[in-house]
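The structure under discussion appears below in the form of C-alpha cells.
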There are 2 protein chains.
Amino acid sequence: MLGNFKYSNPTKLYFGEDALSNLKVELASYGTNVQLVYGGGSIKKNGIYEQVITILKECGKVIFEDSGVMPNPTVEKLAEGCQIAREHQVDLILAVGGGSVCDYAKAVSISAYCEDDPWEKYYIRFEDVTCKIIPVGCVLTMVGTGSEMNGGAVITNHKQKLKIGHVFGDNVFPKFSILNPKFTYSLPKYQMVAGCFDIMSHILEQYFSGEDDTTSDYIAEGLLRSLITSSKIAVKNPEDYEARSNIMWTATWALNTLIAMGKTTDWEVHMLGQAIGAHTDATHGMTLSAVSIPYYKYIMADGLQKFKRYAIHVWDVDPSGKTDEQIAREGLDRMETYMKELGLVMNLSELGVTEAMIEPIANSTLIMEGGYRILNHEDIVNILTNSL
Amino acid sequence: MLGNFKYSNPTKLYFGEDALSNLKVELASYGTNVQLVYGGGSIKKNGIYEQVITILKECGKVIFEDSGVMPNPTVEKLAEGCQIAREHQVDLILAVGGGSVCDYAKAVSISAYCEDDPWEKYYIRFEDVTCKIIPVGCVLTMVGTGSEMNGGAVITNHKQKLKIGHVFGDNVFPKFSILNPKFTYSLPKYQMVAGCFDIMSHILEQYFSGEDDTTSDYIAEGLLRSLITSSKIAVKNPEDYEARSNIMWTATWALNTLIAMGKTTDWEVHMLGQAIGAHTDATHGMTLSAVSIPYYKYIMADGLQKFKRYAIHVWDVDPSGKTDEQIAREGLDRMETYMKELGLVMNLSELGVTEAMIEPIANSTLIMEGGYRILNHEDIVNILTNSL
C-alpha cells in the first residue's frame with residue numbers, strides 16, 4: 001500500500017544529443033573553482049573531456065582535476081578527493097562518467113567537510129549528512145546506476161571487504177545532470193549490457209516486495225517492458241539512438257525513488273552483488289546477473305503471486321491452464337532466455353569466483369528485511385553455490 | 001523519439017493519511033502573511049478547513065481568506081485574488097481544494113505583480129512569467145488535474161467564452177503539496193469519477209501522439225492500468241484506501257510532465273472539453289468523457305498502430321486473427337464499457353448541450369497540432385455532433 005511518504009526530486013535533467021549545451025547555463029550558478037571528477041580516461045578518447053574542458057574554460061572556471069576514479073570507488077580514493085575539495089575550496093564537483101564517478105562525486109560532496117570519518121559515519125552507522133554539502137553536477141557517459149538523479153553513493157572498503165551503498169536524502173542529489181545518449185555509444189558491449197541488467201535489477205528489487213497492487217508496481221512494469229524492448233535492439237545495434245535513449249531514460253527512473261514509493265524492499269540481489277564485487281572487483285551489473293535467476297528461483301515460492309504477475313504483465317506468459325507456480329517459473333525462464341540473448345554473465349565462475357570464496361562472500365553479504373523472505377547465512381551460501 | 005528536453009520538477013510532495021502533519025515544517029520557510037485559497041466551503045464541512053487553520057495559527061501566520069473559487073475560475077475572480085495578494089503582501093498562497101483551487105492559486109501567484117493584463121499576457125499571448133512569483137503550497141482535497149505538481153493553470157473568460165490553460169515552467173510549480181487520500185473521501189461520486197476520467201484523459205492526450213516506442217509510452221500504459229484497476233474498485237467502495245491512494249498518486253504522475261517527455265501532443269480532447277466548459281460550466285472531467293469515444297473513433301485511422309497497441313497493452317485485447325482496425329476498435333469498445341461502468345457522462349446532451357450550441361462551441365475550440373490529425377472546423381463540428 002502507498003503509505004506515508006515524502007517525494008522530492010530536485011535534480012534538473014538535460015536530455016538529448018544537444019544536452020551538453022546546457023552546461024554553460026548551469027555553471028553560471030556556481031563559483032569559480034570546479035573539481036572535475038572522472039575515471040580511467042575513456043572520456044579523453046571519445047572527446048567528451050575536451051568538450052567539457054572547453055565549456056569550463058569559456059565560463060572562466062578554475063579546474064581541479066580528480067581523475068582515476070575506479071569502477072568501485074574506494075575509501076582511500078574518497079580521502080584523496082576530499083583533500084582536493086577542501087584544499088581548493090571547490091564550489092562545484094563536476095562528475096563526467098558513469099555511476100561510479102557520480103557516486104564518488106556525491107561521496108566527496110558530503111565527506112569533504114565531514115566532522116567524522118565518513119566511512120564510519122555514512123557507511124557503517126548509516127547516519128545523515130550534517131556538514132556542508134558541495135554541489136554536484138553530472139555529465140553521464142554510462143548508463144545503469146541511476147546515480148545521476150538520486151542520493152545513492154556506493155563506496156568500497158577493501159580492507160574490510162565491504163562494498164556498501166548509502167541512499168542519502170534529496171540534499172545529496174546532483175543539482176543537475178546532463179544525459180546525452182550518444183555519449184554512451186563508445187562503451188564496450190560488455191559494459192552496456194551489464195548496465196542494462198543493473199537497471200533491470202533496480203526495478204526488480206523494488207518490484208518484488210509487498211503483496212499489494214500499487215501504482216509503483218504498474219510503473220515498474222512499464223519501465224521493465226521498455227527496457228527489455230530497447231535493450232534487445234541496442235545489443236544488436238548499439239548505435240540505435242532511440243533504443244539507447246530509452247535505456248538511458250529508463251535507468252534514471254528505475255532508481256530515482258519514484259517506484260520505491262509504498263515499497264519496503266530488501267535489495268538482497270544488490271547485497272549479494274556488492275559482496276561479490278568486494279571480493280572480485282567484477283563489473284557491478286554482472287555480479288547481479290550471475291546471481292539473479294538462482295536467487296529468484298530460491299525465493300519464488302515466498303512471493304508467488306507477485307512472480308505470477310511478473311510473468312504475465314512483463315513477459316506475456318499466457319496463464320491459461322497453468323498452476324501459479326508454472327506461470328511464475330515460466331516468467332523466470334523467459335527472463336533467463338532474455339538475459340542470455342543479451343550476453344550477460346550467468347554464473348559466478350565466469351567472474352572468477354571459486355567454491356572456496358563462497359563462504360567469505362556470504363560473510364560479506366548484508367542480510368536485509370523488506371522482501372518476500374529474510375534469508376539466513378545458509379540461504380546465502382545456497383544461492384551463491386547455485387550461482388557458481 | 002526522446003529528443004532534447006529538460007526535466008525539472010521542484011515540487012515537494014507529502015503523501016498519506018498523515019501528510020498534513022508536514023504542513024508545519026513547510027510553513028516555517030515562508031513569511032507571516034498567508035493567503036488561504038479555497039472553494040465553496042466543502043472543506044468547512046469535512047473538517048479540513050479547521051485542521052489547516054489550527055496549524056496556520058500555531059505557526060503564527062496571519063491569514064487572509066480568499067474563498068469562493070469556482071470550478072472554472074474566472075478572470076474576475078483572478079483579479080480579486082491578485083488584489084488580496086498585493087494589498088497584504090502575502091508571503092505564501094495556500095490552496096486547499098481541488099485542481100481549480102490549485103490552478104487559481106498559481107494564476108494569482110504569477111498575476112499579482114504582473115505588469116500587464118494577466119489574461120492577455122498569459123492566456124492570449126502565452127508569454128512566460130517575468131514578474132515576481134508568490135510561492136504556492138497545496139492541500140489537495142480532490143483528485144484529477146495534477147495541478148498539485150505542475151505549472152498548469154486554467155482560467156475562464158466568460159465574456160470571451162474562452163477557457164484556456166497555460167502550462168508554465170517549473171518556477172510556477174507549487175513549492176509543496178500535501179496529498180492525503182482520505183481528504184478525497186467526502187467527494188460526491190459524480191466528482192470522483194469525473195476526476196478519474198480527467199486523469200485518464202491526461203494520460204491519453206500524451207500517449208496518442210508519435211509513432212515511436214518511447215519509455216514515456218510504457219510508463220503511460222502502466223499508469224493507465226493502475227488507474228483502471230483502482231477506479232473500478234473505488235467506484236464500488238469509495239473508502240477503499242488503497243484504491244483511492246493509487247488514483248491520487250496516478251493523477252499526479254499523469255500530468256507532471258514525466259510522460260510528456262519526447263511527446264508532441266495536441267491536447268485536442270481538452271480543447272474540446274474546455275470549449276464545452278466555457279459554454280456550459282459543466283464538470284471538467286465529464287466534458288472530456290462526453291467527447292472522448294467519438295473523438296478517438298474519428299481519428300483512429302490516423303494513428304492506427306498506436307490505437308492497436310493501446311488495445312493490446314492497456315485493454316488486454318487478444319490480437320490473434322484480427323485486423324489492426326478490429327483490434328484498435330475493440331480497445332475503444334472496452335474503454336467505452338469501462339467508462340459506462342464508472343458512470344461517466346457519455347454524451348453532451350446530458351451536460352445541457354443542444355444542437356444549436358454546437359457551432360458556438362466549435363468556434364471556441366482551439367485547434368492544435370501534435371497529434372495524429374490536425375482537425376478543421378468541420379471535423380470539430382462532426383465530433384461534437386457525434387457526441388450529442
Side-chain angles (χ1 to χ4, degrees), chain A residues 1-19 21-22 25 149 170 176-177 179-181 212-230 233 241-253 258-259 261-262 312-313 316 318, chain B residues 1-19 21-22 25 149 170 176-177 179-181 212-230 233 241-253 258-259 261-262 312-313 316 318:
Chain A
M1 199 176 72
L2 293 170
N4 289 291
F5 62 79
K6 175 188 168 189
Y7 179 87
S8 170
N9 191 330
T11 304
K12 221 183 289 176
L13 293 179
Y14 296 99
F15 192 96
E17 45 187 323
D18 298 337
S21 65
N22 299 286
V25 183
M149 203 190 203
D170 59 3
F176 64 88
S177 287
L179 279 64
N180 179 345
D212 46 6
D213 180 52
T214 70
T215 304
S216 296
D217 293 314
Y218 290 94
I219 299 175
E221 287 163 355
L223 292 174
L224 284 166
R225 292 183 76 110
S226 179
L227 174 67
I228 294 162
T229 306
S230 288
I233 296 168
Y241 183 79
E242 181 161 24
R244 293 303 284 268
S245 58
N246 282 335
I247 294 169
M248 194 169 213
W249 194 227
T250 300
T252 299
W253 289 90
L258 174 61
I259 61 167
M261 298 298 127
I312 298 169
H313 284 201
D316 292 323
D318 179 359
Chain B
M1 198 177 69
L2 294 169
N4 289 293
F5 62 78
K6 176 187 167 192
Y7 179 87
S8 170
N9 191 330
T11 304
K12 220 183 293 177
L13 293 178
Y14 296 99
F15 192 97
E17 45 186 322
D18 298 337
S21 65
N22 299 287
V25 183
M149 203 190 201
D170 60 1
F176 64 89
S177 286
L179 279 64
N180 179 345
D212 46 5
D213 181 55
T214 69
T215 305
S216 296
D217 293 314
Y218 290 95
I219 300 175
E221 287 163 355
L223 292 174
L224 285 166
R225 292 183 76 111
S226 180
L227 175 68
I228 293 162
T229 306
S230 288
I233 296 168
Y241 183 80
E242 182 161 23
R244 293 304 284 268
S245 57
N246 282 334
I247 293 168
M248 193 169 215
W249 195 227
T250 300
T252 299
W253 289 91
L258 175 61
I259 61 168
M261 296 300 126
I312 299 169
H313 284 200
D316 292 322
D318 179 358

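We name chains A, B, ... by the order of the sequence lines, and we start the count at 1 in each one. Keep in mind that what you see is a predicted model, and the values were worked out from it rather than measured.
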Exercise. Are N9(A) and N9(B) close enough that some pair of their side-chain heavy atoms sits under 4.5 Å apart?
Worked result: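 The answer is no; the side chains never approach within 4.5 Å.
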Exercise. Do M261(B) and W249(A) have side-chain heavy atoms sitting under 4.5 Å apart?
Worked result: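 M261(B) vs W249(A): side chains touch.
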Exercise. Between OH of Y14(A) and OG of S8(B), what distance do you get to the nearest 0.5 Å?
Worked result: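 Here the interatomic distance stands at 7.5 Å.
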Problem set entry | Atom pair CG/OG1 of N246(B) and T215(A) - distance to nearest 0.5 Å |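 The OG1 atom of T215(A) is 3.5 Å from CG of N246(B), to the nearest 0.5 Å.
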Exercise. Most heavy-atom pairs under 4.5 angstrom with chain B, which of D217(A), D18(A), N180(A)?
Worked result: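 Option with the top pair count is D18(A).
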Exercise. So which of L179(A), T250(A), D316(A), I219(A) has the largest heavy-atom pair count under 4.5 angstrom toward chain B?
Worked result: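 Winner by heavy-atom pair count: T250(A).
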For this session: Decide yes or no on side-chain contact (heavy atoms from CB on, under 4.5 Å) for R225(B) and H313(A), but give the supporting numbers first.
Result: CA-CA 10 Å; R225(B) 292 183 76 111; H313(A) 284 201; 3.8 Å; yes
Out of [options], which one racks up the most heavy-atom pairs below 4.5 Å with chain A?
options	result
S226(B), G222(B), G16(B)	S226(B)
T11(B), L223(B), I247(B), D213(B)	D213(B)
P10(B), S230(B), G3(B)	G3(B)

For this session: Could you verify whether a donor N or O on one side chain and an acceptor N or O on the other, from T229(B) and Y218(A), lie under 3.5 Å apart?
Result: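 Yes.
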For this session: Decide side-chain contact (heavy atoms from CB on, under 4.5 Å) for L2(B) and M248(A); before the verdict, give the C-alpha distance in whole Å, the side-chain angles of both, and the deciding distance to 0.1 Å.
Result: CA-CA 10 Å; L2(B) 294 169; M248(A) 194 169 213; over 6 Å; no
Exercise. Going through the checks in order, is the side-chain contact (heavy atoms from CB on, under 4.5 Å) test met by L258(B) and L258(A)?
Worked result: CA-CA 11 Å; L258(B) 175 61; L258(A) 174 61; 4.2 Å; yes
For this session: Let me know if Y241(B) has heavy atoms under 4.5 Å from chain A in its side chain, its backbone, both or neither.
Result: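 Just the side chain, heavy atoms under 4.5 Å.
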Exercise. Which answer fits N22(B), side chain, backbone, both or neither, if we ask what part of it has an atom under 4.5 Å from a heavy atom of chain A?
Worked result: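 Neither part.
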Exercise. Is the backbone of E17(A) close enough, under 3.5 Å, to the side chain of N4(B) for a donor and an acceptor to pair up by distance?
Worked result: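 Pair found, side chain donor or acceptor close to backbone of E17(A).
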